[in-house]
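In this chain, numbering begins with 1 at the start of the sequence shown. Keep in mind it's a predicted model, so treat the numbers as computed, not measured.
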Amino acid sequence: MSVQFTIPLAFRDLQKSGGVGQYVVQEVQPVRQLPSQLSAYKAALRSQGPQCVLQHFDALYSMVYHFRILDPSLKEDLLELLVKTTSQHAAELPAVLEDLSLAQADKNNHLNTLKMNCFLLVHLIEAFEVETYKAALGNVEPSGRGKKAKAKSDGFLWEMERENVLQTITHLLQLDVRRLWSMSLIEEEFISMVTGCCYKMLENPSIGALKNKPLWEALSHLLGVAVKRSNDTLSVSVKVIQLLQHFEHVAPVLVHALTLWATEYGMKALVGEIMRKIGQKSCQDLSKESSSVKTLATFITQLAERIPAIVMPNISVLLDYLDGEPYIMRNAVLTVMGEMVVRVLSGDHLDDTEKNTRDNFLDTLQEHIHDVNTFVRSCVLQIFNRIVQEKALPLSRFQAVVTLVVGRLFDKSVKVCKNAIQVLASFLANNPFTCKLSSADLKEPLEKETKKLKELQEKLSVKPPVVVISPEEEWEAMLPELKETLHTLPQESIEGDEPQEETETAQQLHERILHLLKNTSYKHAIFLVKKGISSFPDDSLFAMGEDTEEDAVLGILEQIFTATRGADLESPPSDEQLPPPTGESKDLESQDEQDKNELSKQEMLVQYLTDAHYFALKIEEAIDVISKMMYEAASTVVQEVIEFFVTVSQFGVPQAVIGVRRMLPLIWSKEPGVRDAVVGAYRQLYLSSGPETERVKAQNLIRNLSLLMVDSSAGMIQSLEEIVLEFVQKGEIRPAVSQLLWEKFTLKSPCSVLERRAAVMMLGMMSRGQPQIVLSNLETLVNVGLAQDAQNNYQLAQEVCNCILKISNGQKSPPGKKSAPFRLPNDHCLFQNLTEAVVGGIAKQNLYWVPFKETAVRLIYEMAEEPEEICAEVLQRCSQQVLQELGNQEASADPSFLLTHLLSLAGDMALQLVVHLECTVSAELRRQRLLKEEQAAEKVGKGKQRKSKGNESMGEEDMGLVGASADDADAELIQKICENELLNTQQYLSAFLPLVLKVCKNSGKYSDPALCTAATLALSKFMMISSDFCDSHLRLIFTLLEKSPLAGVRSNIMIALGDLSIRFPNLIEPWTPHLYARLRDESREVRKTSAIVMTHLILKDMVKVKGQVSEMAVLLIDADQEISSLAKNFFTELSNKGNAVYNLLPDIISRLSDPDCGVEEEAFQTIMRHLLSYITKDKQTESLVEKMCHRFRTARTERQWRDLAHCLSLLPFSEKGLVKMQDCFDCYGDKLSDDAVYNSFLSAIGKMRKGAKPELKTMIDEFENKLTVCHNKGLENMDGSEVGIPDGDNPQPSAVKKNVPAKRRPLKSVNKAPKVNEESEFQTPKSRAPRRPQKKVTVTFSSDEESDLEAELSEADTPKNTTPIRRTSTRSRAR
C-alpha cells in the first residue's frame, strides 16, 4: 500500500499518527546526528536524484525542527540542498507529466517528492524570515550569539538568497503539476501552504523598502502562479484586505502584485473583487481606524496609477466615500478620478459614453473644490494641476475651472492658497490660447471679429418658410362656429345693432362680407348676406334658388370666402419671387455652402477669442489678489507667488509689473528661501540667456529696469539696488550694460529725459559692487551732470550726486582700519559745480532745487577735505543773493520762496555738520589715535614684546580700557563743540536763528505753508546740535505740533521729534503724552506719520510704553486701511517682545472703556478682538480672567460691564480659567441681569464645550445653570422694582449710569489723563478733590511783526519732572 504525504495544518502535526496510509515522522533526531544525516542526504541526492527525499525526510524535518540551535553553516547547506533538490525535480517533471503511461506508484512518488520538498522549503523560508526579523529588532547577527551586526562583504545573507528560493518554487509551480493529483485538482492545503508563506513574508515591515523591489517581483509571481493554479480569487481578495487593514507598509507591494496578476496572469476580475470589498467598508468603521484608512487610500491611488483602465470600471463601488467622514478616502477617490481623466479619458478619440464619464468625473472634482475639509480642497487643486499640465482638461471647461481656482485664492488655508497659485501658473504655462495674454490686446480683435460674425449672420439669415393654408381648409375650420351663430340669430335682434347705411351695390356688399369674415365677425356677415338676398334677388351671388335659408346663407358665405381667397393665392408671383434659372441656382447653392463654411469658421474664431479674453481677465483678477499675498502669507506661499509672477510676466500680462514691483521689498526678508526666490525671479526675468547679442541683452535689461523705476518710491529703488548689487557681485551683469548706460547719460545714444535719469541711477547701483565703474569716469559724470545744465535739470543733478555718494560709501574704510578715508580736495571741479548749481538755483522757483541742494550738501560733507569752508561759502553767497533779490523785488512780490530756500539750506547744513562731527570727525580722531599708538609700539623694540601670556592678557585689557576712555574723551570733545561753539554768535549758523524763530513764532505773518514747513524743519535741525538750545525751544516746537493748522508742519515735527527722542531722550520723555496725542489728529497724514514714529520709538525702547498706548490701539479701527495696517504690524511686533501686550492690556481696557475718553462699544469690541488674539498662554489667560472679574466691582457704567464681559468671551479658556471665573462669581453675579453680559458669559463657556472631557462638561453645565439662575433672578428683581415705583414719585437716581454714550474726549484732556498704577491696573480711579479751574492754554499767532508774544505753551504747562532714561553711554549720537 502506497504512503501519501499529507500537508499538515501545523508543522508539528506531522509527528502525530494520521489516517491509514498517511506519512508520519517517526522520530525527531537529535542535533548531534544531523550533520552526518545531511551528508548522507547529499550523497543520496547525487546518486538517486530528488526522490531521495522520501527516505531522508525525517532527518531533513529534524533539521528544520531544530533550526534555532543549528550551526549557521548547517542551515546554509540545508537551504542549498533543498533548493537544488527542488530545481532538479522541476527539471525532471516535464517529461514525467507528458508520459501518459506512467504507473500510479511512480506518480505518487513524484507527488510526495513535490509536497515534501515544498513543505521543507516553505518552512525553512519561514524560519529564516523569523530569525532575520528578530535579528533586525535586536540588531544582532542571525547566528544569535548576541554580537553586533556587521556588514558582510561575502558569505551567506538571507536577504540575498530569498529571491532565488522563491523563484525556484515559482518555476516548479509554473509546470502543469496538477496532473500529479487525482482529478487534476491541486489540493487546497498545498496552495494554502505556499501562499501562507508569501503572506507571512509580506507582514515583515522591511519588505516595504524600495530596495526590496526584486523581492516584490518574486513574491508577486509566486502568489500569481499559486492563485492561478487554485483559481480561488475570493480567499486572495479577503487576505489582501486583511493585510491592508493591519500593515501600513504593505500597500505598494500589493499594488505591484495586483498589477502583475491583472496584466500577466489575466486575473482582472480579482481587481474588481478587491475594489468591491473596499467599497463595502463602512465609513463609520474606517473613521475609527486611521492607520488602515491611510493604507487603503494609498493602495487605491497607487493601483489607479498603475492600471487605470482596469480600475475605472470598478470605481462606482467607491463613490459612497465621497459623502463619508474620512477625508483621506475622499482624497483617494478623487485622485483616482483625476488619474482616469489623465490616463484613460483624455484625447479626441473618446466616444460619447467615455465623454460622459469624463464630464461626470470633472463635475465631481469641481464640486469638491468647495469641500469642507482643507486637505480635500488642496488635493483637488493638485489633481487639477496635473490635469492641466497633462493637457487633459477640455477647452470648454477652462472658464469654469479657472473661476473656481481664482475663488480659492481667498481660502483661509495657506495650503489651499498655495495650490491655487500653482494651478493658475499651470493654466498660464499650458494655456491653448496665445503666448501673450493681455485682455486689452484681445478686446479689440474680439470686437472686430464679433462684428464680422454678425454681418455674416445677417447676410445668411433666411426667412422661415410660411405654411400656406388653402381657403377650403380655412372654411372648414370656420363652418362650425358659423352654424352656431346662424342658429342663435333668430333669438337675437341684430337690426338695432347694425347701423342703417345708405344703399350700396352688390359688389360693395360682397367686399364688406369678406372683410367681416376675415375679422371673425360672423353675426354681422350673416346679417349682410340676408340683406343682400333681400336687396339683390336678381344677382347671381345672392340668388337663393330652391335651398333653405340656412343653406343658402352658408352657400353664399362659402362662395364669397373661397372664391376671393383662392384668387389672392393664385395671383402671379412678382419678378423678385420668381425662381432663378437652373444654372444660376447651382452657383447660388455653391455660394451658400461657402458662406456657411465661412460662418462656421467665424463662429469658432469668435468663440476662441471670447475664451481667451475671459481667461486673460481672470488671470488679471487673480494677479490683483495674489499680489496682496506677498506680505500676509507664509514663506512657502510667498515663494509660490514669486514663481507665479515670473510665469505671468513671461506671458506678457501687463498687470504682472504690479507683482514684480511688489516683490522688490522681499529682498530684505529674513525668511529662509524668500530672498533667494526674489533674486532668482529677477535673474530669470531680466538676465536672459538667449541667443541675442550682448548689446541687445544690455538694452533689454536697461529698458526693463527703467520701467520698474518709473514712479517707484525710494524704498522700492533701494530694494532694486540691492538686487543689482547681488548681480554685480556675482559678475552676472556684463560690461556692455555699463557701457550702454554711459552712452545714454552722455547722450551718445539717443534717449529721453527719464531714461537718462534711470541710466545715472543704475550706474550708482552698480558702483556699490564695482566702484571703479564711476570712479574711472568721475570727471565725465561731474562735467556732464553738474555743469551749467544742472540748473535746468535739478532731478538729473540730484541723481548724479546720489551716484557719487554711492562710491563714497563704498570707499569708506571700516572702523579700526588705519587707511585714510576717500576725500577730494576743496578745489575739485565737483565742489565748484555743486556750489554754482546751489547758488544759481536759490532764486528760482523750482520744485526740485530743495531735494537737490539737500543731496548736494550731504555730498560736500561726505567727499570734501574741509566741507565746512565750502558750505560756509555757499551759505554766504546764497544769503547775499537772497538779500539782493529781496531788495530788487517790488513790495507786492511774494518773497516767501526765497526765505524757504534759504532756511532749508541753513537747516540742512546744520544737520550735516552734526553728522560730520559725530561720525566722520570721531572716526578720524580714532584712526589717528590708533595710528599713533601703532607707531609708538613699533619704537618700543623687540625686548618688550617678549612677555608672558599672562602679562599679554593684562596688557590687552589695559589697552582696551585706555581705548574706551579715549573714545569717551573724543565724544566729550565733540559734545562740547556742539554745545558751546556751533551756535554761538561767532559762527555763521547762529545768524539764521533769529529768522527761523521769527517765522516759527509769527505764523500769522508768515503764512506760506512751504515757508512754515521749512522754518519748522530748520528749527528742529538746529535743536539736534545742542541740548541747551533744544531744551529752551521744546515748548515752541510742541506748541506748533499741537496748534499749527498745517498738517505738513505737524507731520514734519513728529518726524523731527522722533530723531530728538533718540539724541536727547531725557529731554523729550516728559513730553511723551503730546506725542501720543497726535495719534488722534484729524489729518490722515499726521496720524500715519505719528503711527510710524511711535512704532519705531516704542519698539526700540526709546519711549516708555504707558497706558497711552491705547491711542495706538484706536488706530486698529482707523478708516484708512494703511494706518490700520501699521497699527496691526505694531502690535504684532510688540507681541514678540515677551509679555508686552499682556502687560499693557489692563491699561488699554480701562482707557478704551472709559465713558469720558474711550471709544464706541462696537469699536471697542473690534479692537479687543484683535489684541486678545495675542494672548495664547494659559497663565496669562488665568491672570486676565481674575483681574477682569475683580474689575466688575468698580465698574461705573453698564457699558463697562458689557465691555469687560465681552473681553472675557474673547479669551481662550481652559479648565483653570473656568475655576477662576467660578471663584470670582461674587464680583459679577449681580451684573448678569444685563442680557449682553449674560450672553457674553454664555459665549465664553460655550467655546469650552468643544472637545471637553466629561468631567469638564459637568462643570460647564453646573456653571451655566448658575449663570441662568442669577440672570433670571436679576430680571425678576428689576421687574419688581419697576412695578413698585408709584406714579408721580420720582425714583432716586441709580448708582449705576445706564447707556452712557462712549465718546472720545478732546485731545487736551487725553493728554492729561491720570496715570494708572501698575499694581492697581483695573482699579477705578478715585474721585479727585475739586480744584480751581486753571486758565486754558492759549496760543497767539500774531501778524504784527513787532509783537513780543510768542506762540508757545505757557511756563505752567511745561513738564518739570523728567524721568532719565538710562543709556549704555553718556553721549548721544545723531542717526
Side-chain angles (χ1 to χ4, degrees), residues 233-234 236-248 250-259 261-262 267-346 353-354 356-373 375-384 386-387 392:
T233 58
L234 180 61
V236 177
S237 62
V238 172
K239 189 63 182 178
V240 167
I241 297 298
Q242 291 176 350
L243 288 171
L244 290 172
Q245 285 182 316
H246 295 92
F247 302 99
E248 296 182 10
V250 82
V253 188
L254 290 179
V255 167
H256 183 86
L258 205 56
T259 303
W261 300 344
M267 293 188 287
K268 297 181 180 180
L270 183 59
V271 177
E273 184 67 29
I274 294 174
M275 298 292 282
R276 277 192 295 275
K277 290 191 177 298
I278 294 176
Q280 292 170 358
K281 294 288 180 182
S282 170
C283 292
Q284 288 77 12
D285 296 339
L286 287 178
S287 60
K288 301 174 184 177
E289 305 170 2
S290 58
S291 60
S292 63
V293 172
K294 293 179 181 178
T295 309
L296 287 173
T298 304
F299 174 78
I300 293 171
T301 53
Q302 292 186 3
L303 189 64
E305 292 172 1
R306 296 290 296 275
I307 47 174
I310 300 175
V311 172
M312 190 174 73
N314 305 290
I315 195 174
S316 58
V317 301
L318 303 175
L319 297 181
D320 289 342
Y321 286 121
L322 293 176
D323 300 323
E325 183 177 350
Y327 74 90
I328 298 178
M329 291 303 293
R330 291 207 299 280
N331 281 349
V333 177
L334 293 170
T335 304
V336 171
M337 289 183 175
E339 201 66 33
M340 300 299 111
V341 172
V342 172
R343 300 277 298 280
V344 182
L345 301 173
S346 60
T353 304
E354 290 172 331
N356 290 334
T357 304
R358 179 197 63 192
D359 292 341
N360 290 334
F361 286 170
L362 291 173
D363 289 339
T364 304
L365 289 171
Q366 289 177 211
E367 290 173 2
H368 283 273
I369 280 185
H370 298 292
D371 196 282
V372 295
N373 190 278
F375 296 102
V376 179
R377 298 196 299 274
S378 179
C379 177
V380 173
L381 289 172
Q382 292 173 1
I383 294 168
F384 270 115
R386 181 159 185 263
I387 291 174

**Q.** Member of Asp371, Asp323, Asn373 meeting the side chain to side chain donor-acceptor pair (under 3.5 Å) criterion with Arg330
**A.**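 Exactly one option meets the side chain to side chain donor-acceptor pair (under 3.5 Å) with Arg330, and it is Asp371.
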
[Y] and [X], any side-chain heavy atoms less than 4.5 Å apart:
| X | Y | answer |
| --- | --- | --- |
| Val253 | Leu243 | no |
| His256 | Gln302 | no |
| Met312 | Leu345 | yes |
| Val341 | Arg386 | no |

If I take atom [atom1] from residue [X] and atom [atom2] from residue [Y], how far apart are they, to the nearest 0.5 angstrom?
| X | Y | atom1 | atom2 | value |
| --- | --- | --- | --- | --- |
| Met329 | Thr335 | CE | OG1 | 11.0 Å |
| Arg377 | His370 | CZ | NE2 | 10.0 Å |
| Ile315 | Met275 | CD1 | CE | 7.0 Å |
| Gln280 | Asp320 | CD | CG | 11.0 Å |
| Leu296 | Ile328 | CG | CD1 | 10.5 Å |
| Thr298 | Leu244 | OG1 | CG | 9.5 Å |

Please find the pair of heavy atoms, one from [X] and one from [Y], that lie closest to each other, and give the distance.
| X | Y | result |
| --- | --- | --- |
| Leu318 | Val333 | O-CG2, 3.6 Å |
| Ile307 | Ala262 | CD1-CB, 4.3 Å |
| Arg306 | Val255 | CG-CG1, 3.8 Å |
| Leu365 | Leu334 | CD2-O, 3.7 Å |
| Ile383 | Gly338 | CG2-CA, 3.6 Å |
| Glu248 | Thr295 | CA-OG1, 3.4 Å |

Q) How far apart are the C-alpha atoms of Ile241 and Gln245, what are their side-chain angles, what is the distance that settles it, and do they pass the side-chain contact (heavy atoms from CB on, under 4.5 Å) test? A) CA-CA 6 Å; Ile241 297 298; Gln245 285 182 316; 4.2 Å; yes

Q: Run through Thr357, Thr364, Asp359 and flag the one making a side chain to side chain contact (heavy atoms under 4.5 Å, CB included) with Phe361.
A: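 Output: one option passes, namely Thr357.
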
Q: Could you walk me through whether Val293 and Tyr327 pass side-chain contact (heavy atoms from CB on, under 4.5 Å), step by step?
A: CA-CA 10 Å; Val293 172; Tyr327 74 90; over 6 Å; no

Q.
For Lys268, is the NZ atom crowded, meaning more than 12 foreign heavy atoms sit under 6.0 Å from it?
A.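 12 or below, so no.
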
(Q) Using a strict threshold of under 4.0 Å (side-chain N to carboxylate O), is an ion pair present between Arg343 and Glu305? (A) no

Q) Is it true that Arg358 and Glu354 have a side-chain N and a carboxylate O under 4.0 angstrom from each other? A)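 Salt bridge: no.
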
Q: Would you check, one step at a time, whether the test side-chain contact (heavy atoms from CB on, under 4.5 Å) holds for Ser237 with Val240?
A: CA-CA 5 Å; Ser237 62; Val240 167; 5.6 Å; no

Q: Could I get the full list of salt bridge (charged side-chain N to carboxylate O under 4.0 Å, His left out) partners for Asp363, not counting sequence neighbours?
A: Arg397

